[in-house]
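Down below is the structure, laid out as structure tokens.
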Amino acid sequence: MKILVGQAYHLRLDPKNWDSMELFPPLGSLYAAAVLRAGGHDVAFSDSMIAADTGVWEAALDRAKPDVALLYEDNFNYLTKMCLLNMRDAAEVMIKAAKQANAIVVVAGSDVSDVPQTYLDFGADIVINGEGEVTLEELVDTIAQTGLSGLNDIEGITFRDADGQVVRTAKRRTLRNIDDLPMPAWDLVDLDQYRAMWAGRRGRFDLNVATSRGCPFHCNWCAKPIWGRAYNARSPEKIADEFQMLAKLANPDRIWIMDDIFAMKPRWARAFSEALKARGTRVPFKCLSRADLLLRKGEVAALADAGCDELWIGAESGSQKILDAMEKGTAIQEIDDATRLLKDHGISVGYFLQYGYPGETWADIKQTFALLRRNLPDVIGISVSYPLPGTPFHDRVLDQLGTKQNWQHADDLDLMYQGPFKTAFYRVLHRYTHRLTRFYRGVRQPIRRDARGRAKVGASLRYAGGTVRALLYMAVLWPQLQAHRLTSKSGIQAIDPELSRAAAGLGELNLTGKE
């Protein structure tokens with residue numbers, strides 16, 4: 001069969017991430033394409049990640065004239081798990097265009113699994129629920145033989161029967177041995193265009209790899225519509241093979257390992273390091289892990305030995321009360337210890353932070369400021385709590401949600417339930433926290449050094465200028481932040497006694513890192 005594979009995530013429709021220009025090929029779509037080609041099908045590919053608009057998809061439909069149009073979202077990319085309305089709107093346009101081209105439309109992804117009827121209403125013929133590769137193989141073979149009849153026996157799909165009734169078939173078990181899957185169809189991607197876009201904005205070129213699927217932990221705000229709490233990992237040897245292949249094919253400057261948790265299995269990281277050495281391959285990489293896992297004996301040393309140069313921790317908050325409410329399962333002390341250990345091994349540290357979780361107070365937010373001051377992460381990412389369908393957190397705030405239950409794009413930051421502060425507060429807090437962290441780093445680590453530890457005078461002076469700019473931004477943002485903090489939904493509260501310059505921010509900055 002002729003199959004056109006694409007996805008609805010358009011980086012240009014997400015202003016925040018388009019501006020940062022960290023764009024990665026849609027790995028999930030490339031896995032789907034590889035599986036379909038292995039099954040003997042004629043596969044074309046349309047890459048919306050770098051497309052200007054949905055017109056690229058429409059042109060691809062005209063060229064390929066597919067029997068099946070497949071929108072297969074990248075479940076390894078955290079951006080696609082947020083169910084952004086800009087992307088859902090794009091999917092609707094793309095589905096309708098495919099139907100006008102007389103293709104059978106199949107869709108798969110996190111948002112699709114959460115709200116399959118929405119996509120059926122857009123015109124999709126079949127929704128794949130959960131993990132898609134095995135279901136996709138069986139589905140396409142059935143369509144080739146019988147069209148849209150005979151779907152009831154296929155596990156893991158939702159469709160409308162002849163009477164227009166929505167039918168959801170039995171759930172399919174996750175694929176245990178993911179080493180059996182072919183490598184993503186990298187040859188379908190215009191890597192030269194990716195390289196040019198990266199180099200133009202970032203001065204380097206990164207690519208992406210997934211080494212595992214799923215997460216067994218139970219943070220109560222984290223959605224798991226694809227793999228549930230299952231966790232399956234590829235072998236270290238297979239990942240080393242893929243690193244070696246990508247190094248020869250595209251020579252990236254760094255690889256982003258997109259796993260929810262990298263190297264979760266004990267001793268996996270050490271085996272991976274040895275496998276890379278055996279192949280004579282070394283490509284720097286960044287990944288995500290948990291603070292408690294990093295404290296296992298030899299874990300960080302193995303990651304550094306394998307080439308990890310940046311690692312992100314889901315820190316979320318500096319308040320243990322909030323971490324416990326989230327059922328995070330980690331302790332503030334573990335975050336402190338893991339950060340120190342990573343830095344001792346020359347690995348840059350990133351923190352994911354989350355504001356606005358129910359029960360969070362201004363005192364809890366100040367504990368997050370203190371966490372940043374103590375540990376000086378090299379980079380941070382900030383969001384506000386987002387009620388994702390299927391999570392205990394979503395169930396808890398469901399009766400507070402209004403007509404808006406999804407963000408338009410990643411920088412929306414709308415608190416869609418009744419949090420302690422208004423959305424405007426969190427938007428200012430987002431900017432303030434970034435400047436605060438930059439200021440802390442600039443004052444505590446003012447000298448820029450080269451690989452040999454020698455001071456770089458010019459770079460240090462430029463960095464000092466950035467530190468001053470951060471301080472000036474903070475001075476502007478602080479009054480805005482406090483004005484929003486002190487304004488409740490019912491009106492203006494009494495002036496908080498903490499609202500003095502010394503107690504509220506600039507005057508109380510502790511630059512030693514000690515509490």
Side-chain angles (χ1 to χ4, degrees), residues 20 254 284 286-295 299-301 303-304 308-320 322-323 328 330-355 363-383 429-451 453-456 459-475 477-478 481 504-515:
S20 69
R254 185 166 67 174
K286 72 172 181 177
C287 59
L288 170 65
S289 188
R290 283 171 55 97
D292 51 352
L293 298 182
L294 294 170
L295 298 180
E299 186 73 16
V300 171
L303 290 169
C308 179
D309 68 354
E310 183 177 316
L311 188 145
W312 284 73
I313 297 172
E316 313 306 346
S317 174
S319 166
Q320 189 64 53
I322 296 302
L323 294 185
K328 182 71 180 178
T330 53
I332 297 298
Q333 187 62 55
E334 290 172 328
I335 298 172
D336 292 347
D337 293 345
T339 302
R340 182 172 59 253
L341 191 58
L342 289 165
K343 290 189 174 187
D344 287 346
H345 283 81
I347 298 175
S348 296
V349 180
Y351 279 0
F352 287 116
L353 300 174
Q354 182 179 159
Y355 285 128
D364 297 312
I365 291 170
K366 291 202 295 184
Q367 289 182 53
T368 297
F369 292 167
L371 178 76
L372 298 172
R373 183 177 68 237
R374 287 196 307 274
N375 295 334
L376 298 183
D378 299 280
V379 61
I380 60 173
I382 304 170
S383 184
L429 178 62
H430 175 277
R431 299 198 300 274
Y432 181 82
T433 304
H434 275 290
R435 269 57 179 209
L436 181 69
T437 306
R438 174 64 180 82
F439 179 74
Y440 284 149
R441 285 198 305 266
V443 174
R444 292 264 305 280
Q445 299 173 345
I447 306 301
R448 303 290 91 188
R449 301 183 183 277
D450 62 19
R454 297 174 299 191
K456 298 191 293 184
S460 296
L461 289 174
R462 289 191 296 272
Y463 197 69
T467 303
V468 172
R469 286 192 297 273
L471 180 62
L472 294 175
Y473 271 116
M474 289 162 58
L477 292 171
W478 181 258
L481 184 65
L506 302 180
E508 71 166 5
L509 292 178
N510 179 341
L511 303 178
T512 67
K514 298 179 181 179
E515 294 301 305

ask   = What heavy-atom pair brings Ser317 and Ile332 nearest, and what distance separates the two atoms?
value = O-CD1, 3.5 Å
ask   = Between Leu288 and Gly314, which heavy-atom pair has the shortest distance, and what is it?
value = CD1-N, 4.0 Å
inquiry  = Rounded at 0.5 Å granularity, tell me how far NE2 in His345 sits from CG in Asp309.
reply    = 15.0 Å
Side chain proximity check, Glu299 to Leu293, heavy atoms < 4.5 angstrom = no
task = Please name the pair of heavy atoms, one in Thr330 and one in Arg290, separated by the smallest distance, quoted to 0.1 Å.
result = CG2-NH2, 3.4 Å
note = Hits for salt bridge (Lys or Arg N to Asp or Glu O under 4.0 Å) against Arg448, two or more places apart or cross-chain, chain-then-number order -> none
ask   = Which heavy-atom pair separates Val379 from Glu310 by the least distance, and what is that distance?
value = CG1-OE2, 4.1 Å
query = Among Thr467, Thr433, Val443, Leu471, which one satisfies side chain to side chain contact (heavy atoms under 4.5 Å, CB included) with Arg438?
reply = Thr467
note = Contacts of Asp378 meeting salt bridge (Lys or Arg N to Asp or Glu O under 4.0 Å) (sequence neighbours excluded), chain-then-number -> none
inquiry  = Looking at every heavy atom in both Cys308 and Cys287, which two are closest together, and how far apart are they?
reply    = SG-SG, 3.9 Å
query = Can you find a heavy atom in the side chain of Leu294 that is under 4.5 Å from one in the side chain of Leu303?
reply = yes
inquiry  = With heavy-atom distances below 4.5 Å as the criterion, would you say the side chains of Leu371 and Asp336 are in contact?
reply    = yes
inquiry  = What verdict does the side chain to side chain contact (heavy atoms under 4.5 Å, CB included) test give for Ile322 and Glu316, after you've listed the backbone C-alpha separation in whole Å, the side-chain angles of each residue and the deciding distance to 0.1 Å?
reply    = CA-CA 9 Å; Ile322 296 302; Glu316 313 306 346; over 6 Å; no
message = Measuring from atom OG1 of Thr437 to atom CG of Leu372, what distance do you get when rounded to the nearest 0.5 angstrom?
response = 4.0 Å
query = Who pairs with Gln445 by side-chain hydrogen bond (donor to acceptor under 3.5 Å, both in side chains), at least two apart in sequence or on another chain?
reply = none
ask   = Is the closest side-chain heavy-atom distance between Thr339 and Arg374 below 4.5 Å?
value = no
key: Lys343 side-chain N/O to Asn375 backbone N/O, donor-acceptor pair under 3.5 Å   = yes
message = Tell me whether Tyr463 at atom OH has more than 12 heavy atoms from other residues, nucleotides or ligands lying less than 6.0 Å away.
response = yes
inquiry  = Within the structure provided, determine whether Ile313 and Leu342 are in side-chain contact (heavy-atom separation under 4.5 Å).
reply    = yes
ask   = What heavy-atom pair brings Arg435 and Ala470 nearest, and what distance separates the two atoms?
value = O-CB, 3.6 Å
